Amino acid sequence: MAIERTFSILKPDATARNLTGAINALIEKAGLRIVAQKRIRMTREQAETFYAVHKARPFFGELVDFMISGPVVVQVLEGEGAILKYRDIMGATDPSKAADGTIRKLHAKSVGENSVHGSDAAETAAIEIAQFFSGNEIVG
Ligand code: RTP
Ligand code: MG
């Protein structure tokens, strides 16, 4: 399988509970390498752009408000099959449906406040990474 990069966000519910290290340990244990990382406060404009695909959904406003409610940690993860591998260890969007041992099963509070984001395909990964990182901030 090819070496891929995926984009990850540790969401405000995770940073509020000081879970950056606990989640990073799960990421690294799965064989993914954190090749870029920064803690930021997203602007409303950044969050709206990032989640533009969900603009028509009833939860869009709530989602944007949540994503700017506190600090987030944005990351680039690298490894074999990184995109699917990270989706696997994140678990289902709704933590009550997430498999045992996944990040969301262990840490998420609800379907909205679900601790992590991970890209869903190679095309979206490239777009999401480029929204938050310049090439020289990613060190593989
Ligand atoms: P993500 O994009 O954050 O990795 O999560 P996902 O693919 O598992 O979920 P997606 O369907 O893309 O939804 C994006 C985020 O929107 C929030 N959401 N809230 N209240 C709701 O019913 C609802 N549904 C989705 C979640 O924060 C979800 O991660
Ligand atoms: Mg998604």
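Since the model is a prediction, treat every value here as computed from it, not as a measurement. Counting starts at 1 for both ligands and their atoms, in listed order.
Under 4.0 Å from ligand 1, the heavy atoms of R87 that appear belong solely to its side chain.
Taking hydrophobic clusters as Ile, Leu, Val, Met, Phe, Trp and Tyr residues chained together by side-chain heavy-atom distances below 4.5 Å, I9 does not share a cluster with V73. Taking hydrophobic clusters as Ile, Leu, Val, Met, Phe, Trp and Tyr residues chained together by side-chain heavy-atom distances below 4.5 Å, Y51 shares a cluster with V74.
For atom 20 (N) of ligand 1, the nearest non-hydrogen atom from the set F50, Y51, F59 comes from F59.
Under the 4.5 Å side-chain criterion, counting only non-hydrogen atoms from C-beta, V72 is not in contact with L10. L77 has its side chain out of reach of V35: every pair of non-hydrogen atoms, C-beta onward, lies at least 4.5 Å apart. Taking the side chain as every heavy atom from C-beta outward, L84 and D88 never approach each other to under 4.5 Å. Under the 4.5 Å side-chain criterion, counting only non-hydrogen atoms from C-beta, Q75 is in contact with N24. In this structure, S115 and K11 have side chains that are not in contact, with every pair of non-hydrogen atoms separated by 4.5 Å or more. Using a 4.5 Å heavy-atom cutoff, the side chains of M67 and R44 are not in contact.
At least one N/O-N/O distance between K11 and ligand 1 falls below 3.5 Å. Considering both main-chain and side-chain atoms, N114 comes within under 3.5 Å of ligand 1 through a nitrogen or oxygen pair. The shortest N/O to N/O separation between H117 and ligand 1 falls below 3.5 Å.
Ligand 1 lies out of reach of E113, whose nearest heavy atom is not under 4.0 Å from it. Ligand 1 has at least one atom lying under 4.0 Å from a heavy atom of L63. Put simply, no part of E128 is less than 4.0 Å from ligand 1, judged by heavy atoms.
The R104 neighbourhood of ligand 1 comprises atoms 1 (P), 3 (O), 4 (O), 5 (O), 8 (O), 29 (O), with distances under 4.0 Å to a heavy atom of that residue. Atoms of ligand 1 lying under 4.0 Å from at least one heavy atom of G118, given by number and element, are 4 (O). Close approach to G112 involves these atoms of ligand 1, each under 4.0 Å from a residue heavy atom: 26 (C), 27 (O). Listed by number with element, the atoms of ligand 1 under 4.0 angstrom from any heavy atom of H54 are 10 (P), 11 (O), 12 (O), 13 (O), 14 (C). Under a 4.0 Å criterion applied to the non-hydrogen atoms of T93, ligand 1 contributes the atoms 6 (P), 8 (O), 9 (O), 28 (C), 29 (O). Below 4.0 Å from some heavy atom of M90 lie the following atoms of ligand 1, by number and element: 4 (O).
From T43, atom OG1 reaches atom CD of Q46 across 4.0 Å, with rounding to the nearest 0.5 Å.
Note on ring orientation: taking the six-membered ring where Trp is involved, the planes of F7 and F133 are perpendicular (angle over 60°, cut-offs 30° and 60°).
The shortest contact between atom 26 (C) of ligand 1 and any protein heavy atom is with V111 O, 3.2 Å.
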